[in-house]
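These notes are about the structure you will find just below.
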Amino acid sequence: MSQDPLVVFTPSGKRGRFPVGTPVLTAARQLGVDLDSVCGGRGICSKCQITPGHGAFPKHGVTVAEGALSQWNAVEERYDQKRGLKSGRRLGCQARVQGDIVIDVPPESQVHRQVVRKAASARAIAMDPATRLYYLDVQEPDMHEPTGDLERVARALRSQWDIPEISTEFSTLARLQPILRKGGWKITVALHKSDHDATPKLIAAWPGLHEDGLYGLAIDLGSTTVAAHLTDLDTGAVIASSGIMNPQIRFGEDLMSRVSYAMMNAGGDREMTAAVREAIDALVTEIAREAGIDPSLILETVFVCNPVMHHLLLGIDPVELGQAPFALATSSALNLNAVELGLATLPASAQIYILPCIAGHVGADAAAVALSEQPGQSQELALIVDVGTNAEILLGNTSRVLACSSPTGPAFEGAQISSGQRAAPGAIEAIRIDPVTREPRFRVIGCDLWSDEDGFWQATATTGITGICGSGIIEAVAELRIAGLLDPSGLIGSAAQTGTDRCQPEGRTNAYLIHDASAEGGPRITVTQGDIRAIQLAKSALYAGARLLMDEMGVDKVDRVVLAGAFGAHISALHAMVLGMIPDVPLDKVSSAGNAAGTGARIALCNLAARREIERMVGEITKVETAIEPRFQEHFVAANAIPHATDPFPELSSIVTLPSVSFNTGGGEDGGRRRRRRG
């Protein structure tokens, strides 16, 4: 008997089988997927828009064939004619399941929108921007001295600003004459220099004295989120920050899944390039609207991104990055314009700078972290970890700097977790478990109160308690270990073994119940044995990468640890160490750098000399390849234990005592049954 079609929703990762003919909205509701609808499925409100995937999705074990959803119907046709649907979108209330399908729920269709926590960090930056404004008094044309308008602008720059020579692009030249005449031969021009020694390029002009400002964007293009900081190129002030989900998530949550999608689907790389460029255009429009400026005033953008995002942004097939020797199309910094990058909302002459990549799996985002945190100038041995779907790790001091990447996967961001979700209002972000009563209390995004404090339930009535995000699941696993409900191998004990009925049987293993609102139609939020395993795999990859760099450096400990990235900024240092994510150091030696990659992008945006500096630094960083290093697997296996099978954690032991428990001895209730079945 054939199975019902499999429906996989991204970015949540929730999946289930549904009979042919089931509306997508119905499937989403039954799985607890965050898909909005206010019209009762009549195709009026458009809140339930979804984007179906097509082709092979090896990460999900799904190949989507033609006809996986029902045909476009009259309701969708009518809505499209009246209000318009984006290309590729369907209405979830109208599209019906016909076969195996992967469905992306875009941010605007989610009730609980992701909180893209990538605010700009405060940083004093010496201002030396590549793009500057110059006010000119240009000589009027004279029949007796036949000289072109551009040449007389160049002459004015030479005489009034001591700039001997300029170049320009045709798009700027074509607009120059009416601007000169409207300004009465007094104009303001924007000149861009790709290097201190380069000939300045005329990229924009305004009649008279231009006083509306000049702006640049620093964009951190991550595999999960895209964050942008709109920056005043005169003062360096961040005028607005905004972020969106990377729409490429629907092609695969991690980088190798996206490379696989490109390999297995003809034109898949072009699909992903188009998706991310469209998202960047939308982000530019949004951030300009938020700041109340005209997008035409954004004349420069700096991008930082990992190598796969780097290639897909540029429109380069990333297939070579999916196999040894992981060759980049180019590792050098790039200077482009908006037209070359296919960005429609920026002015055609807007200049683009993309930081250099360090190696095939260590990209421009890691270079930006190095620019921001300067490990090569540290007297102490500093371990800098940019925590994300793919972790970039730097280890260094004044003697040398090493770098590697480690495939942690999406578990740290709430994906692949049974009750997991992205960071959004209502998601559990912090948790404590009483070691005596074994009862939990928690805090959710959008509310500063803990669940055992007066007013918490009233304050969260609107959002509800919807799931658990990355920082929450890390704390939950660590708290289970501290409370003695989880043994060093990662096994959750049974109710009989732990003395709490919150440890409940789930198949042949156990789960810990955090919150149960099923009686009111809400979610039942647990930490399952599968969740523990997903976190173990992620943290083991992170720790193994760090240990590999320490081996290369010839050390057994580091002096300090810096957690970078938006996610890293919300991790509790104590819980990260209990989990064994990071090496053992005094807790006061663990700090957060916030969005260090975004800060590095802002430094490169505001300081031309910083671009030369990072290009030099990248050439001096030693890359360690985890994918081919046999010791990585050894470290990975040992790091599966919580906190670790062999590495001592004396600093951690001085502040917390982890219970000596074991739930797989063969004598316990669950352990005994498992052993007899296997025998």
Side-chain angles (χ1 to χ4, degrees), residues 107 113-133 188 190-192 203-204 206 210-222 225-246 276-305 309 313 335-338 341-355 364-365 368 371-372 565-566 569 594-608 610-611:
R113 305 288 176 83
Q114 162 127 6
V115 179
V116 181
R117 303 195 282 193
K118 291 198 173 184
S121 304
R123 175 67 68 93
I125 302 173
M127 291 303 295
D128 178 24
T131 303
R132 293 176 179 270
L133 296 178
T188 303
L191 298 185
H192 173 83
I203 60 172
W206 298 267
H210 174 73
E211 297 181 293
D212 292 337
L214 184 65
Y215 301 94
L217 278 173
I219 296 182
D220 178 8
L221 173 55
T225 56
V226 187
H229 305 302
L230 182 67
T231 305
D232 187 318
L233 290 181
D234 181 43
T235 65
V238 176
I239 307 302
S241 293
S242 188
I244 57 173
M245 295 290 289
N246 187 333
V276 78
R277 288 178 177 178
E278 181 181 329
I280 292 167
D281 277 334
L283 184 57
V284 171
T285 300
E286 170 61 25
I287 202 168
R289 184 199 59 76
E290 182 183 330
I293 70 162
D294 190 322
S296 68
L297 298 177
I298 304 173
L299 286 178
E300 190 162 10
T301 300
V302 168
F303 280 97
V304 299
C305 41
M309 292 299 96
L313 172 66
N335 290 279
L336 309 165
N337 64 31
L341 207 58
L343 299 178
T345 51
L346 290 171
S349 59
Q351 300 298 294
I352 310 291
Y353 178 75
I354 302 176
L355 268 69
D365 49 357
L371 180 61
S372 172
N595 182 19
T599 300
R602 284 169 48 219
I603 293 170
L605 177 66
C606 295
N607 189 288
L608 188 56
R611 302 182 187 186

Closest non-hydrogen atoms of Cys606 and Thr231, given as atom of the first, atom of the second and distance, are SG-CG2, 3.7 Å
Determine which pairs satisfy side chain to side chain donor-acceptor pair (under 3.5 Å) with at least one residue from residues 294-304, sequence neighbours left out, and list them in order.
Thr131-Glu300, Asp294-Ser296, Glu300-Arg611
Report the distance from atom CG of Leu605 to atom CG of Leu217, rounding to the nearest 0.5 Å.
8.0 Å
Closest approach of Gly598 and Ala218, non-hydrogen atoms and distance?
O-CB, 4.4 Å
Do the side chain of Ser372 and the main chain of Ala368 share a donor and acceptor less than 3.5 angstrom apart?
no
Check Leu233 against Pro129 and note the closest heavy-atom contact, atom names and distance.
O-CG, 3.4 Å
Which salt bridge (Lys or Arg N to Asp or Glu O under 4.0 Å) pairs, counting each pair once, include a residue from residues 276-288, with sequence neighbours left out?
Glu286-Arg289
I need the minimum non-hydrogen distance between Asn607 and Ala126, along with the two atoms involved.
ND2-O, 2.8 Å
Steps toward side-chain contact (heavy atoms from CB on, under 4.5 Å) verdict (His192, Leu299)
CA-CA 9 Å; His192 173 83; Leu299 286 178; over 6 Å; no
Go through the steps to decide whether Leu608 and Tyr353 satisfy the test side-chain contact (heavy atoms from CB on, under 4.5 Å), and finish with yes or no.
CA-CA 11 Å; Leu608 188 56; Tyr353 178 75; over 6 Å; no
Point-to-point distance, once rounded to the nearest 0.5 Å, from CD1 of Ile219 to CG of Leu230:
10.0 Å
Between CG of Asn246 and CE of Met309, what distance do you get to the nearest 0.5 Å?
5.5 Å
In this structure, CG of Leu343 is separated from CG of Leu313 (nearest 0.5 Å) by 7.0 Å
Any donor-acceptor pair under 3.5 Å linking the side chain of Asp220 with the backbone of Ala227?
no
For the backbone of Ala597 and the side chain of Asp365, can you confirm whether one donor and one acceptor N or O come within less than 3.5 Å of each other?
no
Looking at Ile287, Val238, Val302, which one forms a side chain to side chain contact (heavy atoms under 4.5 Å, CB included) with His229?
Val238
What pairs meet the salt bridge (Lys or Arg N to Asp or Glu O under 4.0 Å) rule with one or both residues in residues 342-355, with sequence neighbours excluded?
none
On a heavy-atom basis, the closest approach of Leu371 and Gly600 is CD2-O, 3.5 Å
What's the spacing between Asn335 CG and Ile352 CD1 if we round to 0.5 Å?
10.0 Å
Let's go through Trp206 and Asp212 carefully: what are the C-alpha distance in whole Å and the side-chain angles of both, what is the deciding distance for side-chain contact (heavy atoms from CB on, under 4.5 Å) to 0.1 Å, and is it a yes or a no?
CA-CA 10 Å; Trp206 298 267; Asp212 292 337; over 6 Å; no
Any non-hydrogen side-chain atom of Ile125 less than 4.5 Å from a side-chain atom of Arg602?
yes
Supply the atom-to-atom distance Asp234 CG to Met127 CE, rounded to the nearest 0.5 angstrom.
7.0 Å
Can you give me the closest heavy-atom contact between Ala279 and Ile244, atom names plus distance?
O-CD1, 3.2 Å
Trace of the side-chain contact (heavy atoms from CB on, under 4.5 Å) decision for Leu341 with Leu346:
CA-CA 10 Å; Leu341 207 58; Leu346 290 171; over 6 Å; no
